[in-house]
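Bear in mind that the values here come from a model prediction, so they are computed numbers and not experimental data. Naming: A, B, ... by sequence-line order, numbering from 1 per chain.
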Amino acid sequence: MEKQWQVFYYDSIFHTMDYCKIDEALSKKEGEKVKIRGWIYRRRSAGKISFIVIRDSTGIIQTIVEKDKVSEKDFKASQKALIESSVELEGIIHEDNRAPGGREIHAINFRVINFADDFPITEYQSVEFLLDNRHLWLRSRKLTEIMKLKAKTLRIIRRWFDENDFYEVTPTVITLNAAEGGATAFSFKYFDQKAYLSQTAQMYLEALIFSLERVWSLTPSFRAEKSRTRKHLTEYWHLEAEEAWVDNEENMKIQEELVSYVCQNLMKEANNELEFLGRRKDELKVIEPPFKRISYEKALKKLQKKGFDVKWGDDFGAPHERVLVEGEEKPIFVTNFPIETKAFYMKISSDKKTVKCADMLAPEGYGELIGGSERSEDIDSMIKRLKAQGANIENYQWYFDLRRYGSVPHSGFGLGLERLIMWIAKLDHIRDATPFPRMVRRASP
RNA sequence: GCCGGCGUAGCUCAGCGGUGGAGCAUCCGGCUGUUAACCGGACGGUCGCCGGUUCGAAUCCGGUCGCCGGCGCCA
């Protein structure tokens, strides 16, 4: 590359702040003057005319740079600048049905802020290459739309919790308790102790309900499971809530209200994102309470009738989940799993065989969105179940204290944010629901 | 952890025992309306790595490393 193309022009003519975003430019009228800045998305040239498609956070617009309409330096820059070069320009809006989007800018000035090197991502890409270049692939329209959808989802979730008397809290992600059984937790040296990256904030949220009553948190959760599926990340954003004075029934109501609220509001607030990603509005419109509830026992019978070789005490796998949601437009709850299939902290039902829990399964085979339960208040039974897993009881004494000092019936749930996004955005892999996916074989970039 | 697949130019792939190819990208030239533009030319390789078979290996065999997909486990 010649030295002259590496000059930083930023202090040249565009020192004012009167730029407009591309979506705004696309709504302007014929003849209006605009200044925009962004990155080169596509470029084509034909002798004395350059077609430069420019991208910013709001969209793309085609720009025409003609040889006799701009300075020689600007024209040359427009022909030299490669994809992803950062640029700023001033021009006149023209309506033209040959332009993508029906409008384009005829440049008066065209400045390159940074001449990009050859952008490695081109026409054909493999999954591996795109993951290796994730830091650059994030600029793609698909990932941009997903990231916007995720941000809007979080905004809506926060609004719902605010309106429903929940306090947002900030629990730790460093713990000595490997809550779901030590084998699947990442361990590390914490000074002189062995500690774990949190798999759930649940026990910490339980401690907080005795002052705040209804709490929620958003934290990373870590799973050291060597899962190789399209539904698993080793690090994911875990949305958890815990509610005092709430039983399993009301817990399910809270969950279906929350998920429905997210769908109804995304429908209104994320039109462009949903359309780009191929999720139809009417598919979200039907997501309203109540969601269907089916007990583990009934689900088991349904599966057996369909020819699955499952018996009482087996957990459901991906093929089972797919069958259970077959034909369902809304998520469903599967309730009352056998004690031995679930965690030590879930409350045992009066039948002494099942726990008061519910898994929310997404339609279309996207799998478990939420796992929730009413919490046990029986210290002896919890100790028994922990010991059966081989856990160190000492680390759980503080948790048992919560039952010793004014315990109340309470429930809570955990939602995998990326699972929710994967379902709503119709993604074929969960890795695209997060900017820097962490998987068994990938921790970079 | 189990099963299957793939590693060849910067990228996507073809070649499957006899002198390593194409498309895209990049560079040079041409073109005043392109739509992942087009036309001509150039540049570009430890054929993942190690070993074996063979007169000869990208190609056949063994091992190894990396990646992808599915199952299990989970959100």
I'd like to know if R111(A) and E90(A) make a salt bridge, using a cut-off of under 4.0 Å between side-chain N and carboxylate O. no
Counting the atoms with a prime plus P, OP1 and OP2 as sugar-phosphate, which does E418(A) contact under 4.0 Å by heavy atoms, base, sugar-phosphate, or nothing? nothing
How would you label the contact of H429(A) with the nucleic acid (heavy atoms, under 4.0 Å): base, sugar-phosphate, or nothing? sugar-phosphate
Touch check for L417(A), heavy atoms < 4.0 angstrom, all strands: base, sugar-phosphate only, or nothing? nothing
Lys/Arg N to Asp/Glu carboxylate O, E326(A) vs K306(A), below 4.0 Å: yes
Write down the distance between CZ (R230(A)) and C1' (C74(B)), rounded to a whole number of angstrom. 17 Å
With a non-hydrogen cut-off below 4.0 angstrom, is S50(A) in contact with a base, only sugar-phosphate, or nothing? nothing
Tell me, please, which residues at least two apart from D96(A) pass salt bridge (Lys or Arg N to Asp or Glu O under 4.0 Å). R98(A)
Would you say that more than 12 heavy atoms from the other residues, nucleotides or ligands in this model lie under 6.0 Å from the CD of E328(A), or not? yes
Watson-Crick or G-U wobble partner of G18(B), both distances under 3.5 Å: C55(B)
Can you tell me the pairing partner of C74(B) across any strand shown, Watson-Crick or G-U wobble, with both distances under 3.5 angstrom? none
What's A99(A) touching, base or sugar-phosphate or nothing? Going by heavy atoms closer than 4.0 Å. base
Which whole-number value in Å describes the distance from M439(A) CE to A75(B) P? 20 Å
Got a donor-acceptor contact below 3.5 angstrom from the D359(A) side chain to the G371(A) backbone? no
With a non-hydrogen cut-off below 4.0 angstrom, is T229(A) in contact with a base, only sugar-phosphate, or nothing? base
Contact class for E240(A) (heavy atom, under 4.0 Å): base, sugar-phosphate, or nothing? nothing
Categorize R141(A) for me: base, sugar-phosphate, or nothing, with a 4.0 angstrom heavy-atom threshold over every strand shown. nothing
Quick one: are the ring centres of F344(A) and Y396(A) less than 6.0 Å apart? yes
Length of the line joining K76(A):NZ and C27(B):P, which is rounded to integer Å: 14 Å
Nearest-angstrom distance from the residue atom CG of L420(A) to P of C74(B): 21 Å
Applying a 4.0 Å non-hydrogen cut-off, can you work out what L369(A) is touching in the nucleic acid: base, sugar-phosphate, or nothing? sugar-phosphate
Taking only side-chain N and O atoms of R43(A), does any of them lie within less than 4.0 angstrom of OP1 or OP2 on A25(B)? no
Whole-Å distance, Q79(A) CD to C27(B) C1', equals 14 Å
Can you tell me how far P of G70(B) sits from NZ of K226(A), to the nearest Å? 19 Å
Under the ring-ring contact (aromatic ring centres under 6.0 Å, His included) definition, can you give me all pairs with a residue in residues 43-75 of chain A, not counting sequence neighbours? none
Which of the following nucleotides, U32(B), C74(B), G69(B), is nearest to the side chain of D315(A)? C74(B)
Identify whether any heavy atom of S126(A) sits under 4.0 Å from a base atom; if not, whether one sits that close to sugar-phosphate; answer base, sugar-phosphate or nothing. sugar-phosphate
RNA chain B: 5'-proximal contact among F51(A) and F129(A) (nearest heavy atom): F129(A)
Need one value for D68(A): base, sugar-phosphate or nothing, where a base atom within 4.0 Å counts as base even if backbone is also close, heavy atoms only. base
Among C27(B), C28(B), A75(B), which nucleotide sits nearest the side chain of K80(A)? C28(B)
Report the nucleotide, chosen from C11(B), A75(B), C67(B), that has the shortest atom-to-atom distance to any side-chain atom of R441(A). C67(B)
Taking any heavy-atom pair under 4.0 Å as a contact, classify R419(A): base, sugar-phosphate, or nothing. base
For the pair made of CG in D96(A) and C1' in U34(B), what is the distance, rounded to whole Å? 11 Å
Winner on side-chain proximity to P319(A), out of G33(B), G72(B), G66(B), is G72(B)
Using atom CG of D118(A) as one end and atom C1' of C27(B) as the other, report the distance to the nearest whole Å. 9 Å
On RNA chain B, check which nucleotide each of R98(A) and I83(A) is closest to and give me the residue with the more 5' one. I83(A)
